Amino acid sequence: MIALVDCDNFYVSCERAFAPRLEGLPVGVLSNNDGCVVARSRELKALGVAMGAPLHLLPPAIRRQAVLLSSNYALYGDMSRRVNQVLAEFSPDVEMYSIDESFIGFAGFDTAGLEAHCHRLRDTVCRWTGIPVGVGLAPTRVLAKVANHLAKQQSAYEGVCRLEADSAVTRHVLERLPVVELWGVARRTGERLALMGIDTAWQLRQADPGRIRRAFSVVLERLVWELRGHPAIDLDDLAEPRRCILVSRSFGRLTGEPGDLQAAVRQHAARAAEKLRRQGSLARAVQVFLRTSPFQVGEPQYRNSVVVPLAGPTTDSRDLFEAAGRGLAAIFRDGYRYQKCGVMLLDLVDDRARQLSLLEESRSEAERDRSQRLMATVDRLNREMGRDTVRFGLPGKDNAWALRCERRTSRYTTRWDELMRVKIG
DNA sequence: TCTGGGGTCCTAGGACCC
DNA sequence: TCTGGGGTCCTAGGACCC
């Protein structure tokens, strides 16, 4: 059996864990730039605020009533780690799927006692971290997702719902579940399934897997098997490094200044380089992209991207800056107001296992050594003394590209100074 | 004035080869 | 004038996830 543990309204729950006064109030957490609502408390959902609703389009009455906070990813990341530490007490097989969801394998456990085990798990997470979670228990990941949904929806389950592969309950549930609410089926696929007369999860389960594969893809075929109770989806091995690294941001306000674009691309390249070194990979290409705002109807629109190959696999921020800068110069056009740009590192190879061919090697041994020591020092200083302690000639704050986040709460769990500020204030 | 960010996987189709 | 067939590799873009 597999359990899916999913935190209730995770970002909101993190905020509440440190500010009990938020309990019972309509609370929302905003995306970067305070753009959209990306997490909602039960009370805010009840007010009719949709997931992803733009802040500036919310009715004034709701804006007055609700507590809307900027996102505080340092806090959420740390809380996520704590939740997973508790989960590890209940099974050696914990796969973190996203910041607020983890799958837990229970191979070898006594299946009769699993529900009680999951109730203890849920109580312990809540007691130790303050985060409420729901648990779905089933033979496959897709069914565990469905079970998790039920656990949260129907209070009778008290947060833990178990679904068997073949039972009257499972059939009853799947017959009433629109197919687009399944994990892995969204609008596009839903529309095409509807043309085949498949509207519910149960109808998809009954469909011929071969036919589904031919009409769609192996992805959807696997879903059919999972619905029938045959595991067909493996999660990525967590030890696997990322295959690409992306850093992108919207601008605080639209800008057509080449200097703004250059500074932002540099900043994103610097963050991407840190991520790259943290996971111990080297990049062989850099992609740069930019775009205007699709929401500005009537304004001229432009979007473009370019891939710049690197002379050899590298982790050196200076190489990445240089390539990103060339990429930007190639696609930048005057006369547009840009909304967003980003830098992606591609073609990553493992630092330890790399095989440098003579052709790929563009630096001498000594140069490479110096570069690695320099980058390690930069990363260490930034880690220990705070982000941006050491930068590569970047300008300061207050640019068009600086983020807006006016409503952020303190980083309680990772910044002593901010914790103190709360207590004194 | 203001509409998020970071990923993965898969497929179609082009280029190229024999 | 006729104008194959099959294979591989790569990339762009679609679809989806949280």
Side-chain angles (χ1 to χ4, degrees), chain A residues 4-7 9-11 28-40 49-58 63 68 70-71 73 76-77 80 96-103 141-142 145 148 179-193 213-223 232-238 240-255 268 271-272 275-276 279 284-285 287 289 291-297 299 303-307 309 337 339-348 400 403-407:
Chain A
L4 173 63
V5 178
D6 187 314
C7 302
N9 320 319
F10 182 56
Y11 297 171
V29 174
L30 304 170
S31 64
N32 266 327
N33 260 332
D34 295 344
C36 310
V37 179
V38 292
R40 304 159 295 158
V49 174
M51 179 70 177
L55 174 62
H56 74 279
L57 294 183
L58 287 188
R63 296 184 59 159
L68 298 167
S70 297
S71 44
Y73 290 106
Y76 312 148
S80 173
M96 186 172 160
Y97 173 66
S98 73
I99 195 166
D100 68 338
E101 282 175 54
S102 291
F103 286 104
R141 291 188 163 81
V142 167
K145 273 271 192 186
N148 184 278
V179 73
V180 288
E181 288 186 18
L182 283 172
W183 188 38
V185 181
R187 189 173 52 88
R188 299 302 176 96
T189 307
E191 286 167 2
R192 290 171 58 201
L193 281 169
R213 179 184 194 133
R214 283 189 298 279
F216 294 88
S217 67
V218 297
V219 180
L220 206 62
E221 186 199 0
R222 286 182 198 136
L223 199 89
I233 296 177
D234 281 324
L235 278 194
D236 305 327
D237 186 346
L238 294 183
E240 288 293 305
R242 302 256 178 242
R243 290 152 191 236
C244 64
I245 288 173
L246 170 68
V247 177
S248 70
R249 292 285 182 284
S250 300
F251 294 110
R253 58 181 152 77
L254 305 182
T255 176
H268 300 339
R271 292 269 179 274
K275 290 190 190 183
L276 181 73
Q279 83 161 23
R284 290 188 289 192
Q287 181 175 41
F289 69 87
R291 68 155 204 235
T292 54
S293 170
F295 295 101
Q296 302 298 310
V297 284
E299 270 198 42
R303 61 190 301 162
N304 206 349
S305 73
V306 64
V307 176
R337 298 198 307 148
Q339 184 247 340
K340 182 177 191 168
C341 67
V343 172
M344 198 170 351
L345 306 183
L346 306 169
D347 238 344
L348 307 189
L403 280 183
R404 288 187 316 251
C405 54
E406 293 153 2
R407 306 148 179 265

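The model shown is predicted, which means the values in this text are computed figures rather than measured ones. Chain identifiers are assigned alphabetically (A, B, ...) following the order of the sequence lines, protein sequences preceding nucleic acid strands; residue numbering begins at 1 within each chain.
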> What integer distance in Å separates A/N33:CG from B/dT3:C1'?
Replying inline: 10 Å

>> Starting the side chain at C-beta, find the nucleotide from C/dC18, B/dT11, B/dG7 nearest to A/R242.
In response: B/dG7

>> Nearest to the side chain of A/K275, heavy atoms from C-beta on, is which of B/dC2, B/dG7, B/dT8?
In response: B/dG7

>> Tell me the interatomic distance from A/R141, atom CZ, to C/dC17, atom C1', rounded to whole angstroms.
In response: 14 Å

>> On the nucleotide B/dC10, are OP1 or OP2 found under 4.0 Å from the side-chain N or O atoms that A/R222 carries?
In response: yes

> Which of the following nucleotides, B/dT3, B/dC10, C/dC18, is nearest to the side chain of A/V218?
Replying inline: B/dC10

> Which part of the nucleic acid, if any, lies within reach of A/I245 when heavy atoms closer than 4.0 Å are counted: base, sugar-phosphate only, or nothing?
Replying inline: sugar-phosphate

>> Distance check needed: C/dC17 C1' versus A/I233 CD1, whole Å only.
In response: 11 Å

> Using a cut-off of less than 4.0 Å, is there contact between a side-chain N or O of A/Q339 and OP1 or OP2 of B/dG4?
Replying inline: yes

> Looking for any heavy atom pair under 4.0 Å, which part of the strands does A/L58 touch: base, sugar-phosphate only, or nothing?
Replying inline: nothing

> Could you state the interatomic distance from CG (A/L345) to CG (A/L276), rounded to the nearest 0.5 Å?
Replying inline: 5.5 Å

> Hey, does A/Q287 reach any base, or is it just sugar-phosphate, or nothing, if we go heavy atoms under 4.0 Å?
Replying inline: nothing

> In terms of side-chain heavy atoms of A/S217, which of B/dG6, B/dT11, B/dG4 is nearest?
Replying inline: B/dT11

>> Measuring from the side chain of A/R249 (C-beta onward, heavy atoms only), which nucleotide among C/dC18, B/dG6, B/dC2 has the closest atom?
In response: B/dG6

>> Using the side-chain heavy atoms of A/A186, tell me which of these nucleotides is nearest: B/dG5, C/dC17, B/dC2.
In response: C/dC17

> Of the candidate nucleotides B/dC2, C/dA15, B/dG6, which contains the atom at the shortest distance from the side chain of A/L246?
Replying inline: B/dG6

>> Any side-chain to backbone donor/acceptor pair from A/R284 onto A/D347? Under 3.5 Å, distance only.
In response: yes

> In whole angstrom, what separates A/F251's CZ from B/dC2's P?
Replying inline: 13 Å

> Going through the distances and angles, do A/Q339 and A/S250 end up as a side chain to side chain donor-acceptor pair (under 3.5 Å)?
Replying inline: CA-CA 6 Å; A/Q339 184 247 340; A/S250 300; 3.1 Å; yes

>> For the residue pair A/R141 and A/F103, would you count it as a cation-pi contact if the rule is NZ or CZ under 6.0 angstrom from the ring centre and within 45 degrees of the ring axis?
In response: yes

>> Categorize A/S293 for me: base, sugar-phosphate, or nothing, with a 4.0 angstrom heavy-atom threshold over every strand shown.
In response: nothing

> When you measure from the side chain of A/W183, which nucleotide among B/dG6, B/dC2, C/dC17 comes out closest?
Replying inline: C/dC17

> Got A/Q279 and A/L348 here, is their nearest side-chain heavy-atom distance under 4.5 Å?
Replying inline: yes

>> Judged by each residue's nearest nucleotide on DNA chain B, which is more toward the 5′ side, A/M51 or A/R213?
In response: A/M51

> Hey, is A/K145 close enough to A/E181 for a salt bridge, meaning N to O under 4.0 Å?
Replying inline: no

> Taking only side-chain nitrogens and oxygens of A/S248, does any of them come within less than 4.0 Å of OP1 or OP2 of B/dG4?
Replying inline: no

> Whole Å only: how far is the CZ atom of A/R303 from the P atom of C/dG13?
Replying inline: 10 Å

> In whole angstrom, what separates A/M96's CE from B/dG7's P?
Replying inline: 13 Å

> Can you check whether A/S250 has a side-chain N or O nearer than 4.0 Å to OP1 or OP2 of B/dT3?
Replying inline: no

> Is there a donor-acceptor pair under 3.5 Å between the side chain of A/S80 and the backbone N or O of A/I99?
Replying inline: yes

>> Please report the distance separating the C1' of C/dG4 from the corresponding atom of B/dC16, rounded so that it comes out in whole Å.
In response: 16 Å

>> Could you tell me how far apart A/D234 (CG) and B/dC10 (P) are, to the nearest whole angstrom?
In response: 11 Å

> Taking the side chain of A/S98 as its heavy atoms from C-beta onward, which of C/dC16, B/dG6, C/dC18 lies nearest to it?
Replying inline: C/dC18

> So what's the dot-bracket for DNA chain C: Watson-Crick or G-U pairs under 3.5 Å, [ ] if a pair crosses, | if it pairs off-strand?
Replying inline: ....||||||||||||||

>> Mind checking if A/V247 touches a base, just sugar-phosphate, or nothing, with heavy atoms under 4.0 Å?
In response: sugar-phosphate

> After noting the C-alpha distance and the side-chain angles of A/R337 and A/T292, does the key distance pass the side chain to side chain contact (heavy atoms under 4.5 Å, CB included) rule?
Replying inline: CA-CA 6 Å; A/R337 298 198 307 148; A/T292 54; 5.8 Å; no

>> Which label fits A/Y76 and A/Y11: parallel for a plane angle under 30°, tilted from 30 to 60°, or perpendicular past 60°?
In response: parallel

>> Please check this pair: side chain of A/S102 against backbone of A/V5, looking for a donor-acceptor N/O pair closer than 3.5 Å.
In response: no

>> So if I take every side-chain heavy atom of A/K145 and compare against B/dC9, B/dT3, C/dC17, which nucleotide ends up nearest?
In response: C/dC17

> Taking for each residue the nucleotide of DNA chain B with the nearest heavy atom, is it A/L55 or A/V219 whose nucleotide lies nearer the 5' end?
Replying inline: A/L55

>> Just the rounded figure in Å: distance from C1' of B/dC2 to CD of A/E299.
In response: 13 Å

> Below 4.0 angstrom from OP1 or OP2 of B/dT1, is there any side-chain N or O of A/R253?
Replying inline: no

